[in-house]
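Working notes, structure below.
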There are 2 protein chains.
Amino acid sequence: MSTVRGARERARIEVTAAIKDEARRMLAAEGAAKLSLRAVARELGMVSSALYRYFPSRDELLTALIVDAYDSVGAAAERAEAAARADPPRARWLAICEAFRSWALAHPHEYALIYGSPVPGYSAPLDTVGPASRVGNTLIAVVRTAYEGRGLALPPLPDSLRPEAVRMTADFAEGLPPEVTAALVVAWAQLAGMVSFELFGQFNRVVEDRAGLFTHVAGQLAQGVGLPAV
Amino acid sequence: MSTVRGARERARIEVTAAIKDEARRMLAAEGAAKLSLRAVARELGMVSSALYRYFPSRDELLTALIVDAYDSVGAAAERAEAAARADPPRARWLAICEAFRSWALAHPHEYALIYGSPVPGYSAPLDTVGPASRVGNTLIAVVRTAYEGRGLALPPLPDSLRPEAVRMTADFAEGLPPEVTAALVVAWAQLAGMVSFELFGQFNRVVEDRAGLFTHVAGQLAQGVGLPAV
DNA sequence: GTCTATAACGAGATAGAC
DNA sequence: GTCTATCTCGTTATAGAC
């Protein structure tokens, strides 16, 4: 019986993957707003009702795609960091940044799904919160090791922002100085801002050397979180 | 005859505006991907073919909405700058930044239309290029007056980025030092990055005091383009 | 000339009976 | 799981009102 169940489970995993693959292809062609279970089923030669055995609703399929995308970019960031583990923190920071951009360029539609405009009528469940923070956590980890024991050389926060920075630190960057936490959040928004501008066309007719500008910015941000060049 | 033509033209303008208003309402409800000429016509009590007297295609209606959105945010930025005309450049810079964010919060769907994920199957025509640059031009103008005749105190660009910065300067910021042009582009991406993260939900469960963080960043960016605090 | 309405096309989605 | 009848869509051709 266990082999039968094993086979069944394997089949289920394969079909689930096939559904998500097809849905991703549709995402690229039509956008998330038009993702329809029926079209996915048709493309797979299934009947739409059969899909509901794998995903109880269109929104749950969307959630699965979003979680996969977050996991994919998170894994890319973690891989880049691991490959640079022997390097100084600044190099690891830069490696993560470049990995983030590379992933986005390689998966533009999945990037749009998670960092672009929200899908109308869809509201993300809590399942996405964990995977969504993997890239950020990788950046935090690098900065944390750099600060271990050492002091920091960041300009002080304005008083008005300090409580918020303290709260954020307690929430997801415990042990770091609040100035660094705030700088991290800002850096993270800037990274995505650069990539979004590049991917969403805002750099068309404006910036040609996007890779060069991005690398430049990544270095500035490293500086901003306390990882100076030398 | 001129009154007749006047009346006709007035009617035409009114109908055109009504179509765009209804389309904007649909944009908010369903997203740009699902914008449909027929639904707009139905809602207005017209027949779909009648819309073609006003917009030759669905894509041209989308283009009109995009141009309107760019003009709306551009006008908001210019208004903010004009209202702060007597203030020092840094205050004018901050006013533009705040106006940008305020506009985005007040018009989230139009913001998503122009700064969010591209609409699948739609490619923006050249008509959008001019309006798209109004906010940026306003920022450039403020920095330009600040630099008139005076020197600058920005860190030098890496050699690898200098040619690109020189090219960008010639293209849309003539007369500014290339370091400033590069910093302007980066600042612009960061502004939109902050607003996008706020509007698109990336700050959920992360940043509470979004206004405070944004103002803080706007100040840092002013510094970055050479408009220091005192 | 300017507009609206009717009708139609080909393509695709959808709901429900079977 | 299948089939069909009935929607929607963008777009065009055409005819007639103003």
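Everything numeric here is computed off the predicted structure, so don't read it as measured data.
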Euclidean distance, atom CG of residue B/L35 to atom C1' of D/dT8 [Å, nearest integer]: 15 Å

Parallel, tilted or perpendicular for B/H107 and B/W103, by the 30°/60° rule? parallel

B/L44 has an atom CG; how far is it from atom C1' of C/dC3, in whole Å? 15 Å

Would you please confirm or rule out a distance under 4.0 Å between OP1 or OP2 of D/dT12 and any side-chain N or O of B/Y52? no

Without decimals, in angstroms, what is the distance between B/L51 CG and D/dT8 P? 16 Å

Given D/dT2, D/dA13, D/dG10, which nucleotide is nearest the side-chain atoms of B/R58? D/dG10

Keeping to residues at least two apart or across chains, list the side chain to side chain donor-acceptor pair (under 3.5 Å) pairs with something in residues 38-53 of chain B. none

Looking for any heavy atom pair under 4.0 Å, which part of the strands does B/L61 touch: base, sugar-phosphate only, or nothing? nothing

Under 4.0 Å, counting only non-hydrogen atoms across every strand here, what does B/Y54 touch: a base, just sugar-phosphate, or nothing? sugar-phosphate

Measure OH/B/Y122 against P/D/dG10 and give the value in whole Å, please. 15 Å

Report the distance from atom CZ of B/R53 to atom P of D/dG10, rounded to the nearest whole Å. 18 Å

Tell me whether A/R205 at atom CZ has more than 12 heavy atoms from other residues, nucleotides or ligands lying less than 6.0 Å away. no

Nearest-nucleotide check on DNA chain C, B/S48 vs B/R12; residue mapping nearer the 5' end is B/R12

Would the A/Y115 and A/F100 ring centres measure less than 6.0 Å apart? yes

Looking across every strand, which nucleic acid part, if any, lies under 4.0 Å from B/A11 by heavy atom: base, sugar-phosphate, or nothing? nothing

Which nucleotide sits closest to the side chain of B/L37: C/dA13, C/dT4, D/dT11? D/dT11

Quiz question: going by heavy-atom distance under 3.5 Å, is there a donor-acceptor pair between the base of C/dT4 and the side chain of B/S49? no

Is a side-chain N or O of A/S117 found less than 3.5 angstrom from the main chain of B/S117, in a donor-acceptor match? yes

What pair of heavy atoms forms the shortest contact from B/R210 to B/R101, and how long is it? C-NH2, 3.9 Å

With 3.5 Å as the limit, what N/O pairs link the protein to nucleotides 14-18 of chain C?
residue	atom	partner	partner atom	Å
C/dA15	N7	A/R38	NH2	3.4

Let me know the distance between CD1 of B/I19 and C1' of D/dG10, rounded to the nearest Å. 15 Å

Across all chains, not counting sequence neighbours, the salt bridge (Lys or Arg N to Asp or Glu O under 4.0 Å) partners of A/E22 are A/R25

Minimum-distance nucleotide to B/R8 side chain [options: D/dG10, C/dT4, C/dT2]: C/dT2

